[in-house]
Amino acid sequence: MRIACSTIKFSAVTLLSSFLVASILPGQTADSRSQGSALYRQGKYAEAARVFEAACQSPSADPNTIYYYALSLHQSGNFEKARRAYLRCAQQYPSSPAGRLASQALSAFQTPGRVSSGSSSTGISGGYSGGGGGGNNEILPESAKVYFKPDSANRMIVDAYVNNRAIKMLFDTGADGCAFGKNHLRDLGMPMPTGKPAYQSHGVGDGGTQDTWEVPATVRVGNIERKIMIGVQENLPGDPLLGQNFFNAFTYTIDKGSSSIVFNRKNRAVASASRSGGGGGLDRNSVPFEKLGNSIQVVAVVNGRACKMIFDTGADGTVFAPGDIKALGIEIPPDAEPEIHQGIAGDTRGVGFEIPRMTLGPIDRTNFRISVINGMASGTALIGRSFLGEWQYTIDNDARIIHFLRR
């Protein structure tokens with residue numbers, strides 16, 4: 001009996017993504033910070049600022065709440081109030097991660113021409129635009145090339161720095177944000193998050209939901225540097241995840257041949273495919289997608305039936321929940337091979353077997369192996385690296401198109 005030890009990773013801050021749904025903790029719906037965080041994720045910055053303002057009335061408000069208040073003000077364009085909130089956070093909590101980031105943010109207000117209304121990222125981030133001469137000390141270059149080192153599972157591992165400490169991270173298009181465990185924070189010498197978790201993470205594994213905290217951090221890969229909120233759970237096996245809230249301000253191309261990822265700023269990127277209305281102008285190498293949170297959802301054809309799936313470079317295999325397989329009319333064969341898969345909630349069992357055909361745009365796989373795992377919710381199927389193979393692809397977040405190129 002063969003046990004396939006696939007490692008399938010996903011974000012701890014994904015909203016309605018394939019492997020993970022982040023939700024406000026039960027009983028906290030009236031909590032100002034939880035409400036404000038939810039509004040911030042939705043891009044409702046002015047509303048988030050009003051909610052956080054109420055939470056900041058207490059002289060002993062925690063540093064992350066004050067920092068979030070400043071970010072929300074900054075994103076909504078209320079720069080003077082943002083400056084005062086950053087100043088309070090920096091002065092009241094100078095040794096905290098939030099206080100240090102607030103101190104860095106203040107430099108943008110002290111340097112003429114450095115203040116910006118925020119980045120184009122839709123994920124939870126420091127809210128700063130930048131690059132070259134950008135604002136608030138974020139570095140968002142017009143273009144950047146980052147090399148990755150495939151590991152034994154062919155995952156894309158990049159060299160990263162978190163608060164100037166080196167760490168390996170998994171480049172993961174299926175992760176809504178950057179995800180860590182407290183185990184990684186200990187390795188980085190960062191303080192442990194305190195207070196109530198911001199939300200619970202629901203992911204693969206038999207361990208159930210995972211308490212997740214949010215921590216402000218400076219994350220650098222290559223010459224891209226961002227100030228973002230990272231999700232931290234009690235323990236995350238393997239490498240932390242480099243997710244969409246780090247790189248979704250860019251159009252990016254993954255080239256397996258050169259083991260590189262090329263990033264281009266959205267406002268300078270050359271369109272990777274036609275933007276004709278309704279997708280009618282797309283060539284067969286271009287696949288439209290929708291966004292669920294920051295995650296990328298495409299429509300694949302599995303044995304002739306359409307199936308919504310998350311495009312996930314962090315997943316080794318192509319994975320379905322039992323309910324997905326039933327909806328597709330696929331019977332699990334009696335000789336399906338047992339497998340063990342690992343997720344944020346621990347290990348879970350599944351089976352692997354071949355299906356006759358699966359296609360996405362120009363990629364057409366026959367007699368293709370998929371996995372069906374127990375610890376996974378229906379409607380969360382993943383297209384992983386086993387399906388993508390050696391194809392090169394460009395993800396254009398503006399046009400919402402993936403353009404494939406055969407090497």
Side-chain angles (χ1 to χ4, degrees), residues 43 71 74-75 77 79 101 104-105 107-149 156-164 166 169 171-173 175-178 217-230 242-275 286 289 291 294 296 311 313 392-405 407:
L71 292 181
H74 194 150
Q75 286 280 43
F79 300 128
L101 286 177
Q104 295 174 5
S107 65
F109 293 88
Q110 296 163 355
T111 305
R114 290 294 300 277
V115 179
S116 166
S117 61
S119 76
S120 57
S121 169
T122 57
I124 298 178
S125 73
Y128 314 131
S129 68
N136 271 29
N137 299 322
E138 278 206 335
I139 302 173
L140 300 179
E142 298 298 339
S143 63
K145 189 171 188 177
V146 174
Y147 289 93
F148 59 85
K149 183 177 181 180
M156 291 182 280
I157 304 297
V158 298
D159 291 318
Y161 293 84
V162 178
N163 293 351
N164 291 320
M169 297 187 71
F171 180 81
D172 190 350
T173 60
D176 197 74
C178 295
T218 299
V219 181
R220 174 164 55 91
V221 176
N223 59 340
I224 302 172
E225 182 172 285
R226 306 215 64 180
K227 292 168 175 53
I228 55 178
M229 301 299 287
I230 61 174
L242 188 73
Q244 290 278 355
N245 71 329
F246 180 83
F247 50 76
N248 68 356
F250 297 87
T251 289
Y252 48 97
T253 299
I254 292 90
D255 186 346
K256 297 288 187 66
S258 63
S259 296
S260 68
I261 309 164
V262 177
F263 298 90
N264 288 290
R265 283 289 296 277
K266 287 182 178 180
N267 61 348
R268 289 289 302 275
V270 176
S272 60
S274 170
R275 301 188 183 205
S286 301
F289 64 81
K291 282 297 191 77
N294 283 332
I296 297 170
F311 190 87
T313 61
Q392 176 178 311
Y393 43 94
T394 297
I395 297 176
D396 187 333
N397 279 302
D398 278 347
R400 298 200 173 184
I401 290 169
I402 305 172
H403 185 72
F404 291 96
L405 175 66
R407 288 189 58 85

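The shortest side-chain heavy-atom distance between Ile224 and Leu140 falls under the 4.5 Å cut-off. Looking at heavy atoms from C-beta onward, Ile296 lies in side-chain contact with Gln244 at the 4.5 angstrom threshold. Within the 4.5 Å cutoff, side-chain heavy atoms of Asn397 are placed close to those of Phe289. Put simply, the side chain of Thr253 does not reach to within 4.5 Å of the side chain of His403, judged on heavy atoms.
In terms of heavy atoms, Met156 sits closest to Thr313 at CE-CB, 3.5 Å. In this structure, Asp396 and Thr251 approach most closely via the heavy-atom pair OD1-OG1, 3.6 Å. Across all their heavy atoms, Cys178 and Phe246 have their closest contact at SG-CB, 3.9 Å. When all heavy atoms are compared, the tightest approach of Ile401 to Ser286 is CG2-CB, 3.9 Å. Taking both residues in full, the closest heavy atoms of Asn245 and Gly177 are given as OD1-CA, 3.1 Å, listed atom of the first, atom of the second, then distance. In terms of heavy atoms, Ser260 sits closest to Phe148 at N-CE2, 3.2 Å.
Taking CG of Leu242 as the start and CZ of Arg226 as the end, the distance is 10.5 Å to the nearest 0.5 Å. From Lys227, atom NZ reaches atom OG1 of Thr218 across 4.5 Å, with rounding to the nearest 0.5 Å. Distance check, rounded to the nearest 0.5 Å: CG of Leu405 to CD of Gln392 gives 5.0 Å. Distance check: Glu142 CD to Phe263 CZ gives 14.5 Å after rounding to the nearest 0.5 Å.
Remark: Phe247 pairs with Phe171, Tyr252 by the ring pair (Phe, Tyr, Trp, His ring centres under 6.0 Å) rule, at least two apart or across chains. Residues forming a side-chain contact (heavy atoms from CB on, under 4.5 Å) with Ser143 (at least two apart in sequence, or on another chain): Asn264.
Between Tyr393 and Phe404, the ring planes are tilted. Angles from 30° to 60° get that label.
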